Amino acid sequence: MNTKTTVISRQSLEEQFSYCDRIAALWAGAGRTPKAYVETYGCQQNEADSEKLRGFLAQCGYAMSTEAEGADVVIFNTCAIREHAEQRVFGNLGALTHTKRRHPEQKIFLCGCMAGEPSVQERIKKSYPHVNGVFSTHHLWQFPQLLWNVLQDNKRLFYTEDEPGSIAEGIPQVRDSGLKAWVSIMYGCNNFCTYCIVPYVRGRERSRKPEDILAECRSLIESGVKDITLLGQNVNSYGKDLDCGVDFADLLARIAQLPGDFLVRFMTSHPRDASEKLFDTMAAYPRIAKQLHLPFQSGSSRVLKAMNRHYDRETYLNKVAYAKKVMPDLVLTSDVIVGFPGETAEEFEETISLIQTVHYDSLFTFIFSPRPGTPAAKMEDTTPREEKNARFDRLCAVQNAISEEIHALYIGKTLRCLVDGQDKDMLTARTEGGRLVRFAGDASLIGSFQMLTITGATTWSLTGTLD
Ligand code: SAH
Ligand code: SF4
Ligand code: F3S
């Protein structure tokens, strides 16, 4: 397969902007500002893509709405990671027949990871006639053209041809926050973990050029952003497709040396490629947040092999030990799957013992969900659902106790936190490691770093006072 990274030409993007102009002109004649609503499911990668969709929509003259009711354009940016996520989308998509009945001109689109699944495309074609268009992540950059064509012909359009993937630089973005920003550094995934649908729907790994990423970060920092999260399914393979001599640790170091008062963090790191160089780089630069999301998925080496993760329990534990050695204050989080096909009670105990050994600050816990087309969906799975639920509950209980214990250790510490919002009569802030702190203070502090002394803790959050 051709794995060379293709960059969408400036000319092709200009063509899309000319569709934006035509759509804006169309609405200028309508005598009212059209409204658009984007609903995002799934991970930060989708959040980042939605910011681009909003950027295009703004350029087409749309104002953003907070609900589908009355919106002229509705976009569902979807997630395919588990069956439950898809069911929710289908349910909510079905409900749009009502909003469309009340506003027949409404144009409805489905995009994101589900749009990359042929079975979903078929289902939309057959059973969701109120959906006007479907486009996979590879075609996001062509959204203005799709919208224009739908507005002109009122035909249903599917931009879903499978492609190895490309990179489009220069799509406008309407960001959710002026304080925190997602920056995608690469797209797609080459890992093919046996349970995972992402490589099928997002294509092969492709990295943005370091200079494009640095320019984006620089301009974000200049505009007042204080917290940047670099995004990729496996950030540690950054640059492998570019041959530019810059790996992920090098990129991180370059960003950390940009002028300004900010923090940079990243997700997700694949344990196979997480190197001592990466951990040393994190430790060396004060602007790199001492936070690491390092999904382990299972504590059993046999299960890890069946998952095609390319590391075993021991290697994982050694990497974590090194990271903790060079960053004693490291905040560690992870993902874990319970009930992978063939996981025995003993293998599940290995998962429990791994979390007890590592002591994560928090965990994202999932029950295995078979995804059609992935190898794990065809593996024999004899563990009853009740047993999987029981394992899941046990895992959550063990982790909650650990999170509570770790949070209690914060009490009495004074930490530099980014004040990021307001919740009722309290302000909210985040520690460098991403933990939530509530404290009393004046709203003018939002957007600044403050020293907070932690006075209370629960499983989920901390309370503090201004120093
Ligand atoms: N690229 C990231 C993960 C992205 S998906 C990584 O490799 O770490 C986020 C998480 O969803 C995964 O880490 C995994 O724990 C979970 N997940 C993915 N596919 C799943 C499936 N079929 N069933 C249950 N959980 C799944
Ligand atoms: Fe999925 Fe594995 Fe790629 Fe993560 S690394 S996106 S779990 S295939
Ligand atoms: Fe979901 Fe796609 Fe992210 S499947 S988890 S939205 S990459």
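As the structure is a prediction and not an experimental result, all values here were calculated from the model. The chain is numbered in sequence order, starting from 1.
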Are the side chain of [X] and the backbone of [Y] linked by a donor-acceptor contact shorter than 3.5 Å?
X	Y	value
Tyr238	Arg208	yes
Ser461	Leu436	no
Arg54	Gln173	no
Arg309	Val303	no
Arg416	Leu452	no
Ser362	Thr333	no
Glu343	Gly339	yes

Please list all pairs passing the ring-ring contact (aromatic ring centres under 6.0 Å, His included) test where one or both residues lie in residues 431-456, with sequence neighbours left out.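 Checked against ring-ring contact (aromatic ring centres under 6.0 Å, His included) - neighbours excluded - no pair reaches residues 431-456.
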Without hydrogens or angle criteria, can the side chains of Arg272 and Ser237 be said to hold a donor-acceptor pair below 3.5 Å?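 On atom types as modelled, these side chains do not qualify, holding no pair under 3.5 Å.
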So, Asp420 and Thr428: side-chain donor and acceptor under 3.5 Å apart, yes or no?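 The criterion, which ignores hydrogens and geometry beyond distance, is satisfied for Thr428 and Asp420.
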Reported [atom1]-to-[atom2] distance for the pair [X] and [Y], which is rounded to 0.5 angstrom:
X	Y	atom1	atom2	answer
Trp141	Leu53	CH2	CG	14.5 Å
Arg435	Ile406	CZ	CD1	8.5 Å
Thr414	Met451	OG1	CE	6.0 Å

Start with the C-alpha distance between Arg385 and Ile367, add both sets of side-chain angles, then the distance that settles side chain to side chain contact (heavy atoms under 4.5 Å, CB included), and finish with yes or no. CA-CA 10 Å; Arg385 183 73 198 189; Ile367 294 184; 3.7 Å; yes
Please report the C-alpha distance between Val437 and Arg430 in whole Å, then the side-chain angles of each, then the deciding distance to 0.1 Å, and finally whether the side chain to side chain contact (heavy atoms under 4.5 Å, CB included) criterion is met. CA-CA 6 Å; Val437 190; Arg430 294 276 167 180; over 6 Å; no
Kindly confirm or rule out a cation-pi arrangement of Arg123 over Phe90, judged by NZ or CZ under 6.0 Å from the six-membered ring centre and within 45° of its axis?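 Relative to the ring axis of Phe90, which defines the angle, Arg123 lies inside both limits.
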I need the minimum non-hydrogen distance between Thr40 and Ser50, along with the two atoms involved.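 Smallest heavy-atom distance, with atoms named: OG1-OG, 2.8 Å.
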Hey, what's the ring geometry for [X] with [Y], parallel, tilted or perpendicular (30° and 60° as the breaks)?
X	Y	value
Phe340	Phe368	perpendicular
His407	Tyr410	perpendicular
Phe192	Tyr200	perpendicular

Are side-chain heavy atoms of [X] and [Y] found at a separation under 4.5 Å?
X	Y	result
Val338	Thr365	no
Thr382	Glu380	yes
Asn191	Asn308	no

Atom NZ of residue position Lys277 - does it have more than 12 heavy atoms of other residues, nucleotides or ligands inside 6.0 Å?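 Yes.
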Taking the six-membered ring for Trp and the single ring otherwise, decide whether the centroids of [X] and [Y] are under 6.0 Å apart.
X	Y	answer
Phe109	Phe76	no
Phe266	Phe248	yes
Tyr311	His270	yes
Tyr159	His138	no

Report the C-alpha distance between Glu349 and Arg391 in whole Å, list the side-chain angles of each, state the deciding distance to 0.1 Å, and finish with yes or no for salt bridge (charged side-chain N to carboxylate O under 4.0 Å, His left out). CA-CA 9 Å; Glu349 289 310 318; Arg391 287 182 195 173; over 6 Å; no
Taking Glu276 first and then Lys325, would you say they form a salt bridge - that is, a charged N and a carboxylate O separated by under 4.0 Å?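 Looking at Lys325 together with Glu276, the answer is no, because their closest N to O distance does not fall below 4.0 Å.
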